> 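This is the structure, below, for whatever I ask next.
Naming convention: chains lettered A, B, ... in sequence-line order (proteins, then strands); numbering from 1 in each chain. All values below were derived from every heavy atom in this structure, side-chain atoms included, with hydrogens, water molecules and symmetry-related copies excluded. Keep in mind it's a predicted model, so treat the numbers as computed, not measured.
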There are 2 protein chains.
Amino acid sequence: MTTIYDIARAAGVTATTVSNVLSGKGSVSSATRARVMQCAEELKYSPNLVARSLIKGRTGVLGLVFPSIDNPFYAEITAAMERLAYQAGFRIFVSTFSNGDQTGQKMLKDLALRRVDGVIIFSAAISLEIIQSLSLPHLPIIYCLEEEMQPCPFPTLFYDFFQGGKLAGEHLLSSGHRHIGLLTDIGDQGQYCHIARVKGLQAALAAYNLTLDSRLIKNGRSDVEAGKSAGYELLTQPDRPSAVFATNDMMAIGLMAAAWELNIQIPRDLSVIGFDSISIGRYTTPPLTTIKIDIEMLATEAINLLLHHIDHPSSSQSIVLPATLLEGASTGPHLL
Amino acid sequence: MTTIYDIARAAGVTATTVSNVLSGKGSVSSATRARVMQCAEELKYSPNLVARSLIKGRTGVLGLVFPSIDNPFYAEITAAMERLAYQAGFRIFVSTFSNGDQTGQKMLKDLALRRVDGVIIFSAAISLEIIQSLSLPHLPIIYCLEEEMQPCPFPTLFYDFFQGGKLAGEHLLSSGHRHIGLLTDIGDQGQYCHIARVKGLQAALAAYNLTLDSRLIKNGRSDVEAGKSAGYELLTQPDRPSAVFATNDMMAIGLMAAAWELNIQIPRDLSVIGFDSISIGRYTTPPLTTIKIDIEMLATEAINLLLHHIDHPSSSQSIVLPATLLEGASTGPHLL
DNA sequence: GTGAAAGCGCTAACAA
DNA sequence: TTGTTAGCGCTTTCAC
């Protein structure tokens with residue numbers, strides 16, 4: 001590894017001058033500049049960003065923490081953020097973790113130890129209390145996609161999940177469905193992970209003087225296999241629903257697979273609506289009706305919020321983005 | 001930020017002793033040990049891994065470079081590698097890039113500047129020449145999934161894509177298909193990105209005294225939208241195939257979406273076989289027949305290869321893993 | 001068992 | 001325009 005000292009020696013100057021040349025700072029005569037540049041080239045110098053980070057107190061890296069990159073929703077967010085961060089001169093250090101154990105918080109802590117300049121956390125498994133217990137002093141944090149808004153010591157980016165759930169319910173109700181099933185994520189501690197979406201559905205039902213039928217609620221994790229098995233239960237019971245709201249797209253896709261195996265046709269025999277608008281959902285057969293979360297917008301706002309927060313640590317603004325309906329072909333009128 | 005000097009001052013010892021306590025090295029009396037520990041606790045000390053990396057010359061980070069995390073194939077690899085690396089005390093720094101520009105190589109270079117302990121590269125867009133032109137001295141590199149094996153200065157992990165393509169072809173041929181279409185990835189420079197898979201198909205055809213019909217070859221990128229639009233072309237032409245080999249699953253899923261819109265039933269009217277065995281493929285309707293790449297095995301071997309290579313830089317072993325057939329329900333006998 | 005000194009590779013005051 | 005000095009936070013000989 002060649003260092004600036006090697007270049008300095010070769011060029012007959014001091015390390016400071018080399019540093020000045022390479023960073024374009026200070027004033028250096030064009031003669032020495034050329035000489036230094038040439039030596040750097042010949043010695044195949046490349047800067048050690050670890051050393052630079054140490055002295056600058058900045059790494060140029062942003063951390064991203066979320067569960068399961070296996071969910072395309074997060075993969076798409078990652079791709080968007082990586083691109084946006086790169087344009088702003090930052091890199092993204094992704095940390096994912098399989099739910100359950102404490103890997104998530106350990107990874108978050110590790111990001112802090114590595115002195116990332118800030119992190120974006122997608123809640124799900126890392127609660128506010130956990131974050132605070134980790135003692136991450138001065139680490140700029142943006143908290144994203146918490147299901148329900150709550151007082152938060154750092155900036156928050158929030159999608160209107162309640163409104164999304166309500167839109168999903170209204171869409172099914174306005175198509176004549178009255179017997180509506182729910183497929184949702186229930187975490188390890190039995191909490192509803194998608195509580196706002198569920199409440200939104202309930203609000204839509206209430207407007208029709210209906211309530212959620214507990215027999216039509218099935219719980220699982222947020223992945224496709226859980227959606228399939230819970231979907232099986234839902235569809236094989238005596239009085240099965242004519243429409244189902246799955247609180248994320250992966251579960252909806254699993255449900256569609258279950259329906260296919262049971263020879264239940266979508267949307268003729270069953271309407272399915274998801275949540276997230278992952279891109280693969282536009283290629284299922286039929287294409288999935290879903291609640292759209294604008295990932296590009298989400299990523300843009302989150303990155304901007306974080307970059308702003310890094311420069312202005314006192315700021316604590318919060319942003320709420322709207323969820324909208326994205327009609328596919330997996331929902332249709334209630335027949336018979 | 002509290003440093004070991006803060007602790008040293010508080011505990012009335014020197015930084016060396018603090019370092020010894022925290023690292024468990026050297027010999028420290030249990031009295032000072034306790035005192036130091038307590039001060040560390042009270043001051044909420046956490047080590048600066050940037051400084052540690054600088055002096056140790058190791059970061060404990062492994063780089064992972066591949067195109068498009070939007071392809072679940074890579075997302076699944078990432079998840080597996082992240083888990084395995086974590087167990088070995090390493091973290092994964094993922095770098096993805098949208099094909100085309102030179103972002104990929106810039107990111108690879110950047111990983112080197114950040115002094116990751118090694119990288120795993122999934123070829124596709126980063127050729128051997130590019131890697132060599134980047135001058136990454138002493139950076140342990142594992143090269144993965146190059147389509148065809150070739151002499152390589154560093155260890156290689158390789159799946160037998162030719163054999164996979166052959167298996168795909170044989171599967172379709174043995175089901176009676178003779179009019180077989182091909183949906184494959186043609187890169188920006190017009191090169192076949194999945195050339196070994198195509199050659200495998202050709203070998204299978206040759207055993208039946210058949211050749212690839214150029215009218216039945218459609219090219220696109222490796223993503224689902226390209227698969228759909230190329231699939232459209234393939235399925236709407238006069239003499240459409242009875243079976244199609246898509247050289248990756250995302251394209252296969254796009255093709256199935258096109259077939260659905262054209263009201264072509266799978267597998268009755270059209271057999272579809274993919275490549276990669278991404279997990280979502282087991283939930284399409286019908287579930288996708290594909291060539292299985294064992295991602296768990298791939299990740300395990302790649303990580304092991306890299307960790308070994310880090311400790312033994314001279315090693316240059318290569319591993320070839322077998323591709324196998326994974327039957328779904330998207331292929332069936334050729335009817336009529 | 002503890003500390004003094006040196007240094008990882010770089011940058012930033014400040015002098016010259 | 002260039003060099004001297006100091007230091008980012010940590011680890012590591014090597015004395016004591």
> Please examine the side chains of Arg114(B) and Thr59(B), heavy atoms only from C-beta on, and report whether any two atoms are closer than 4.5 Å.
no
> Over 60° means perpendicular and under 30° means parallel, so tell me whether Phe161(A) and Phe158(A) are parallel, tilted or perpendicular.
perpendicular
> Could a donor-acceptor pair under 3.5 angstrom be found where the side chain of Thr16(A) meets the base of dA12(C)?
yes
> State, yes or no, whether a side-chain contact exists between Asn48(B) and Met1(B) at a heavy-atom distance under 4.5 Å.
no
> Side chain of Ser19(B) only, please: which of dG9(C), dG3(C), dT11(D) is the nearest?
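Looking only at heavy atoms from C-beta outward on Ser19(B), the closest nucleotide is dT11(D).
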> To the nearest Å, give me how far apart CZ (Arg114(A)) and C1' (dC10(D)) are.
15 Å
> Checking all strands, does Thr32(A) fall into the base, sugar-phosphate, or nothing category for heavy-atom contacts under 4.0 angstrom?
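Sugar-phosphate, backbone atoms only, no base.
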> Between C1' on dG7(C) and NZ on Lys56(B), what's the gap in Å once rounded to a whole number?
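Interatomic distance, NZ of Lys56(B) to C1' of dG7(C): 15 Å.
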> Just wondering, do Thr96(B) and Phe66(B) contact through their side chains at under 4.5 Å, heavy atoms?
yes
> Under 4.0 Å, counting only non-hydrogen atoms across every strand here, what does Ser27(B) touch: a base, just sugar-phosphate, or nothing?
base
> Would you say CD of Glu41(A) has more than 12 non-hydrogen atoms from neighbouring residues, nucleotides or ligands within 6.0 angstrom?
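Open.
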> Could you state the atom-to-atom distance from CD1 of Ile55(B) to C1' of dA6(C) in whole Å?
9 Å
> Could you work out which one of dC10(D), dG3(C), dT11(D) sits closest to the side chain of Thr17(B)?
dG3(C)
> Over how many whole Å does the gap from Arg33(A) atom CZ to dT1(D) atom P extend?
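The answer, rounded to whole Å, is 10 Å.
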> Whole-Å distance between dT2(C) C1' and Lys25(B) NZ?
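In whole Å, dT2(C) C1' and Lys25(B) NZ are 17 Å from each other.
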> Rounded to the Å, how far apart are Arg58(A) CZ and dG9(C) C1'?
20 Å
> Starting from P on dA5(C), measure out to OH on Tyr5(B) and report it in whole angstrom.
12 Å
> Contact class for Val13(B) vs. all strands (heavy atom < 4.0 Å): base, sugar-phosphate, or nothing?
sugar-phosphate
> Please classify the nucleic acid contact of Ser29(A) as base, sugar-phosphate, or nothing, using heavy-atom distances under 4.0 Å.
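Sugar-phosphate only.
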> Rounded to whole angstroms, how far apart are CZ on Arg52(B) and P on dT11(D)?
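Spelled out: CZ on Arg52(B) to P on dT11(D) is 5 Å.
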